[in-house]
2 protein chains.
Amino acid sequence: MATPSMEDYLERIYKLIDEKGYARVSDIAEGLEVHPSSVTKMIQKLDKDNYLIYEKYRGLILTPKGKKMGKRLMDRHELLENFLTTIGVHEDNIYKDVEGIEHHLSWDSITCIETLLEYFRRDPNRADELMNVRKELEAEN
Amino acid sequence: MATPSMEDYLERIYKLIDEKGYARVSDIAEGLEVHPSSVTKMIQKLDKDNYLIYEKYRGLILTPKGKKMGKRLMDRHELLENFLTTIGVHEDNIYKDVEGIEHHLSWDSITCIETLLEYFRRDPNRADELMNVRKELEAEN
DNA sequence: TACTTGGCGTAGCCATTGCTATATTTCCCC
DNA sequence: GGGGAAATATAGCAATGGCTACGCCAAGTA
Ligand SMILES: [Mn+2]
Ligand SMILES: [Mn+2]
Ligand SMILES: [Mn+2]
Ligand SMILES: [Mn+2]
């Protein structure tokens, strides 16, 4: 099983390859706000666990296992960002919160959150009513 | 700032005192599924950080700071359990998921989840409609 | 082709939080 | 009041995942 930190790296690597075609140590480090030496160490662990194939100083590619996991992680992250946005969390808090919680939800919970999002998408009035509840609660205090 | 682990211990201690009047090392260990030696060590850290006052072999009491934090943590945990229950997560997954995510949500997010819960409480039809969406999505696959 | 330099890798440290093994204290029962 | 068991404390180890300091590689420039 992948640790939260391993998931963060895998997700970032998947996204970099998806968007730029490759994932370099320095890009990963910048994205995750860690030092390059930490990236090297983690890449070696992900290689050992067969999420990717790594050649020192040259580059890395994701294995099928790594691609599959990476995509799931990226989708999960996006879903959770949409969820927090929908319920009205301030933009500035969303990324950090999602980075934290994404590693701790069962796929059951993920599915239920997906359903909840679909519920709000199907009828925009619902989100409006949610915001009305919010305003009423705020007025009480 | 308290780490996730510190929060787990504080929450458990608060709850034990709330329910039984006292919190013993062995009860804390059982509740958190760790060994008693781990509890002793953490209690000493929480003492050092002024969340509680600890007398070796005798017992502990929460400081005002510890009580305030403990209550907030317990309320937050309960809120998140209610949230996952409401959106239809299976009972067996709820405790573990909440134990994980509770440490990673801003108070902004917590407030928005509170609002969402109130939204579903105010009109039980809404939860019914959510379950309808769920059934439709399930039928598609 | 040789030098330089920025990117990358390695070694070793630290904090955190768990564990086991062992020591100490307390409490209960005789 | 003393002995022994249960509870608790301490010491020391391990895994994880950061960091700094320093060494190495290779691409690009002169
Ligand atoms: Mn994350
Ligand atoms: Mn993420
Ligand atoms: Mn927890
Ligand atoms: Mn909790």
Side-chain angles (χ1 to χ4, degrees), chain A residues 1-13 16-17 20-62 66 69-70 73 95-96 99-104, chain B residues 1-13 16-17 20-62 66 69-70 73 95-96 99-104:
Chain A
M1 245 337 252
T3 62
S5 202
M6 288 163 74
E7 291 190 342
D8 283 337
Y9 280 88
L10 256 181
E11 183 190 328
R12 175 65 38 178
I13 289 165
L16 281 167
I17 292 177
K20 313 189 10 175
Y22 55 88
R24 309 178 52 154
V25 168
S26 48
D27 295 327
I28 301 166
E30 192 184 29
L32 295 176
E33 294 181 288
V34 297
H35 288 238
S37 57
S38 306
V39 175
T40 301
K41 202 196 276 190
M42 182 59 85
I43 285 176
Q44 287 166 351
K45 185 197 279 202
L46 292 173
D47 178 299
K48 195 162 58 63
D49 286 3
N50 297 112
Y51 289 105
L52 50 81
I53 293 162
Y54 176 49
E55 251 186 294
K56 276 186 203 175
Y57 292 108
R58 309 311 311 275
L60 61 87
I61 56 169
L62 290 172
M69 172 103 325
L73 296 175
Y95 183 75
K96 186 153 172 290
E99 270 313 306
I101 67 175
E102 61 184 353
H103 316 287
H104 303 281
Chain B
M1 242 340 251
T3 63
S5 202
M6 288 164 74
E7 290 190 344
D8 283 336
Y9 280 88
L10 255 181
E11 183 190 327
R12 174 65 37 178
I13 290 165
L16 281 166
I17 293 177
K20 316 189 9 177
Y22 55 89
R24 308 177 53 154
V25 167
S26 48
D27 295 327
I28 301 166
E30 192 185 25
L32 295 176
E33 295 180 285
V34 297
H35 287 238
S37 58
S38 306
V39 175
T40 301
K41 203 194 275 189
M42 182 58 86
I43 285 175
Q44 287 166 352
K45 184 198 278 202
L46 293 173
D47 178 300
K48 196 162 58 60
D49 287 3
N50 297 113
Y51 289 105
L52 51 81
I53 294 163
Y54 178 48
E55 251 185 293
K56 275 185 202 173
Y57 293 107
R58 308 311 312 278
L60 61 86
I61 55 171
L62 290 172
M69 171 104 325
L73 297 175
Y95 183 75
K96 185 153 172 292
E99 270 315 305
I101 67 177
E102 60 185 354
H103 316 286
H104 303 282

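To find a chain, count down the sequence lines: A is the first, B the second, and so on, and within it residues start at 1.
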Peer 1: Mind checking what makes side chain to side chain donor-acceptor pair (under 3.5 Å) contact with A/Glu7, not counting sequence neighbours?
Peer 2: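 With sequence neighbours excluded, A/Glu7 shows a side chain to side chain donor-acceptor pair (under 3.5 Å) to A/Arg76, A/His103, given in chain and number order.
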
Peer 1: Check the distance between C/dC8's P and A/Asp47's CG and give it to me in whole angstrom.
Peer 2: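 Atom-to-atom, A/Asp47 to C/dC8, this comes out as 17 Å.
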
Peer 1: Compare the minimum distances between each of C/dG7, D/dT10, C/dT10 and the side chain of A/Arg24, then state the nucleotide with the smallest one.
Peer 2: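 Nucleotide nearest to A/Arg24's side chain: C/dG7.
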
Peer 1: What is the distance, to the nearest angstrom, from the CD atom on B/Glu30 to the P atom on D/dT8?
Peer 2: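 My rounded result for the distance is 12 Å.
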
Peer 1: To the nearest 0.5 Å, what is the distance between CG (A/Leu46) and CD1 (A/Ile13)?
Peer 2: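 These two atoms lie 5.5 Å from each other.
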
Peer 1: What residue pairs, at least two apart or across chains, pass salt bridge (Lys or Arg N to Asp or Glu O under 4.0 Å) with a residue in residues 48-59 of chain B?
Peer 2: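 Non-adjacent pairs meeting salt bridge (Lys or Arg N to Asp or Glu O under 4.0 Å): zero.
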
Peer 1: Can you list every salt bridge (Lys or Arg N to Asp or Glu O under 4.0 Å) pair that touches residues 25-44 of chain A, not counting sequence neighbours?
Peer 2: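 Listed by first then second residue: A/Lys20-A/Asp27.
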
Peer 1: Separation of A/Leu32 atom CG from D/dC19 atom P, in whole Å?
Peer 2: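 Spelled out: CG on A/Leu32 to P on D/dC19 is 11 Å.
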
Peer 1: At less than 4.0 Å, is any side-chain N or O atom of B/Lys56 found next to OP1 or OP2 of D/dT10? Yes or no.
Peer 2: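 So the side-chain polar atoms of B/Lys56 do come within 4.0 Å of the phosphate oxygens OP1 or OP2 of D/dT10, strictly under.
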
Peer 1: For B/Ser26, enumerate each residue passing the side-chain contact (heavy atoms from CB on, under 4.5 Å) test, keeping only those at least two apart in sequence or located in another chain.
Peer 2: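 With neighbours one apart ignored, the set is B/Arg24.
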
Peer 1: Rounded off to whole Å, could you give me the CG-to-C1' distance for the B/Leu60 and D/dT8 pair?
Peer 2: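 The distance from CG of B/Leu60 to C1' of D/dT8 comes to 12 Å, rounded to the nearest Å.
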
Peer 1: Rounding to an integer number of Å, can you tell me how far A/Ile43 CD1 sits from D/dG17 C1'?
Peer 2: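 Those two atoms, CD1 and C1', are 15 Å apart.
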
Peer 1: Summarise protein proximity over nucleotides 13-19 of chain C in one line of letters, 5' to 3': B for base, S for sugar-phosphate only, - for none, counting protein heavy atoms closer than 4.0 Å.
Peer 2: ----BBB

Peer 1: To the nearest Å, how far apart are B/Gln44 CD and D/dT8 P?
Peer 2: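 Taking CD of B/Gln44 and P of D/dT8, I get 13 Å after rounding.
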
Peer 1: Which residues pass the side chain to side chain donor-acceptor pair (under 3.5 Å) test with B/Arg12, sequence neighbours left out?
Peer 2: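 Listed in chain order: B/Tyr95.
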
Peer 1: Closer to the 5' end of DNA chain D via nearest nucleotide, is it B/Val39 or A/Arg58?
Peer 2: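 With B/Val39 and A/Arg58 compared, the 5'-side residue is B/Val39.
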
